[in-house]
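Structure, as structure tokens:
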Amino acid sequence: MLSVAEATQRILAPFRPLASEIVGLDRALGRVLAEPVTGRLDQPPADVTAMDGYAVRAADIATLPTRLRVAGSIAAGTFPQVALNAGEAMRIFTGGFLPAGADTVVIQENCDRDGDVVTVREGSNVPGQHVRRKGNDFRLGGTGVAAGRRLTARDVALAAAMNWPFLAVTRRPRVAILSTGDELQHPGEALGPAQIVASNGFGLAAIVTACGGEPHYLGIARDDLGALDRALASAAGTDLLVTTGGASVGEHDLIQQALIARGAAMDFWKIAMRPGKPVMFGELGAMPVLGLPGNPVSALVTATLFLKPAIERMLGLVAETTPAFARLGAAMKANDQRQDYLRAALAHNADGHLVATPFPQQDSAMLSLIARADCLIIRPPHAPAASAGDLSEILPLAGGCYSL
Ligand SMILES: Nc1nc2c(c(=O)[nH]1)N[C@H]1C(S)=C(S)[C@@H](COP(=O)(O)OP(=O)(O)OC[C@H]3O[C@@H](n4cnc5c(N)ncnc54)[C@H](O)[C@@H]3O)O[C@H]1N2
Ligand code: MOO
């Protein structure tokens, strides 16, 4: 059996970042930046005040109280035309530009105004009080957002402040999804006595969307070579085809045969993992094909491990590889040769530690449990028995604006 690490390496090998496209800022959330965002101006563009009050010369307020002549008022959106002379103050409002000659601001709470005279009662005479210096946020040409980052709402705000109306982002990978099996019916259809509801296609399409791809759900292909061949033809032109079901060793598992008949170069693997042992991977012309197992939990877990990074690589996303850990909420038996991904709930204990408690049932057909899980506990092959409270690596399932 192939290790998870080796399977990941082989699956990811043919994927490259896709071309970029231009989107408006209002469409940029969650997209992966293809070209860096840098400052197209200094921010603030000149020295501005952080408070409502009076712009003064620090030297004029060395001895307090002191009386200064109010030489004018600086309205928002206007740049002060006249300089401040010694013995003068200028009324100023938060965000307003400091006039030439002024080097500090006293807040209005520390002043008494009487006509065109202001008495400053309190205030530091160290220059720069309540002043935001030109370029203290970012400079023209300064670093903003690096290419290869998935844009957060904060990144979008920064790009806007840096004066970019449009951004270059990697185009969304188009991922075709095919369910296979004679027993399947789509949700809501009348079910015969031996039929089951096909859930995998919708779960996988949601994963593709959550990862930043564009799913193309091709529906269900019946277990006959003609139907499979027609379905495969309809995937042409996509960046990746994902199939579910028919990956195992049964006589009705025809998907590999259909792919080979179309000229695909395919490998069938047993991966040393649970759930998700049978996985296929290969290429049909220029299109990679990833065949995931039919068991619903196996399909979702293998998609998280292999489909998600493939999409991320096509997006040019710079991988986040920091592993996550939690304390075990229950004792674990020694593991066999398959790497386990146990569905588990996360909670903080009284000491503030993160605890992952595995569900008592780990059947690879139980969608109700994986839907409720917060993470997967990773148990490496041949891991020794572990006690409750031991640290274990986990794979968090939630996070970001979407959840896997
Ligand atoms: N003799 C062996 N039998 C099996 C082995 C094995 O090594 N030797 N492996 C088992 C493991 S592990 C898995 S995982 C499954 C995977 O089998 P397939 O990929 O061939 O999947 P199917 O047989 O087509 O279906 C399995 C199961 O999942 C249901 N299914 C299929 N598609 C969907 C769908 N779109 N939505 C919801 N449920 C789906 C299907 O009805 C079956 O119940 O093989 C084991 N067998
Ligand atoms: O690999 Mo299968 O996923 O254990 O049910």
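Every number for a ligand or one of its atoms is a count from 1 in the order of the listing.
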Determine whether the side chain, the backbone, both or neither of Val197 has a heavy atom under 4.0 Å from any heavy atom of ligand 1.
backbone
Carboxylate-amine/guanidinium contact Arg171 Asp239, below 4.0 Å
yes
I'd like the name of whichever of Pro275, Gly294, Ser298 reaches closest to atom 25 (O) of ligand 1 through any heavy atom.
Gly294
If every non-hydrogen atom of Met1 is compared with every non-hydrogen atom of Ile271, which pair is closest and at what distance?
SD-O, 4.0 Å
Please tell me whether Arg343 and Gln361 have a donor and an acceptor in their side chains that are separated by less than 3.5 angstrom.
no
Start with the C-alpha distance between Ile378 and Gln339, add both sets of side-chain angles, then the distance that settles side-chain contact (heavy atoms from CB on, under 4.5 Å), and finish with yes or no.
CA-CA 7 Å; Ile378 305 175; Gln339 179 144 302; 3.7 Å; yes
Could you give me the CA-CA distance, side-chain angles and deciding distance for Arg274 and Asp340, then say whether salt bridge (charged side-chain N to carboxylate O under 4.0 Å, His left out) is met?
CA-CA 5 Å; Arg274 182 174 32 239; Asp340 254 332; 2.9 Å; yes
Heteroatom distance test (Asn200, ligand 1): nitrogen or oxygen, under 3.5 angstrom:
yes
Hey, what's the ring geometry for Phe97 with Phe79, parallel, tilted or perpendicular (30° and 60° as the breaks)?
tilted
For Phe281 and Phe15, take the angle between the two ring planes, folded into 0 to 90°, and tell me which bin it lands in: parallel under 30, tilted 30 to 60, perpendicular over 60.
tilted
Would you say Gly246 has any N or O atom under 3.5 Å from an N or O of ligand 1, going by distance alone?
yes
Is the count of non-hydrogen atoms from other residues, nucleotides or ligands lying under 6.0 Å from Asp114 atom CG greater than 12?
no
Is any NZ, NE, NH1 or NH2 atom of the basic residue among Arg69 and Glu88 found under 4.0 Å from an Asp or Glu carboxylate oxygen of the other?
yes
Of all the atoms in ligand 1, which lie at a distance below 4.0 Å from a heavy atom belonging to Ile196?
38 (N), 39 (C), 41 (O)
Just to be sure I'm reading this right: ignoring hydrogens, which of Ser199, Ser179, Pro278 gets closest to atom 36 (N) of ligand 1? Compare them by their nearest heavy atoms.
Ser199
Mind checking whether Ser364 has a heavy atom under 4.0 Å from ligand 1?
no
For Gln337, is the CD atom crowded, meaning more than 12 foreign heavy atoms sit under 6.0 Å from it?
yes
Any chance CZ of Phe166 has more than 12 other-residue heavy atoms, nucleotides or ligands included, within less than 6.0 Å?
no
If you measure from each non-hydrogen atom of Ala299 to ligand 1, which part falls under 4.0 Å: side chain, backbone, both or neither?
neither
Lys277 heavy atoms, cut-off 4.0 Å: which ligand 1 atoms fall inside?
6 (C), 7 (O)
List ligand 2's nitrogen or oxygen atoms that come under 3.5 Å of a protein nitrogen or oxygen, with the partner atom and distance.
from: ligand 2; atom 1: 1 (O); to: Gly276; atom 2: N; distance (Å): 2.7
from: ligand 2; atom 1: 1 (O); to: Lys277; atom 2: N; distance (Å): 2.4
from: ligand 2; atom 1: 1 (O); to: Arg338; atom 2: NH2; distance (Å): 3.3
from: ligand 2; atom 1: 3 (O); to: Gly276; atom 2: N; distance (Å): 2.5
from: ligand 2; atom 1: 3 (O); to: Ser298; atom 2: OG; distance (Å): 2.3
from: ligand 2; atom 1: 4 (O); to: Arg338; atom 2: NH2; distance (Å): 3.2
from: ligand 2; atom 1: 5 (O); to: Asn295; atom 2: ND2; distance (Å): 2.9
from: ligand 2; atom 1: 5 (O); to: Ser298; atom 2: OG; distance (Å): 3.4
from: ligand 2; atom 1: 5 (O); to: Ser364; atom 2: OG; distance (Å): 2.5

Tell me the contacting part of Arg274 for ligand 1: side chain, backbone, both, or neither, using a 4.0 Å heavy-atom threshold, strictly below.
neither
So the atoms of ligand 1 within less than 4.0 Å of a heavy atom of Glu183 turn out to be 40 (C), 41 (O)
Should we say atom CZ of Arg27 is surrounded by more than 12 heavy atoms from elsewhere, each under 6.0 Å from it?
no
Please identify which atoms of ligand 1 are closer than 4.0 Å to at least one heavy atom of Asn295.
13 (C), 14 (S), 15 (C), 26 (C), 27 (C), 28 (O)
Pro296, portion touching ligand 1 at heavy-atom distance under 4.0 Å
side chain
Salt bridge present between Asp47 and Arg133 (N-O < 4.0 angstrom):
yes
Under 4.0 Å to a heavy atom of Thr244 - the qualifying atoms of ligand 1, by number:
35 (N)
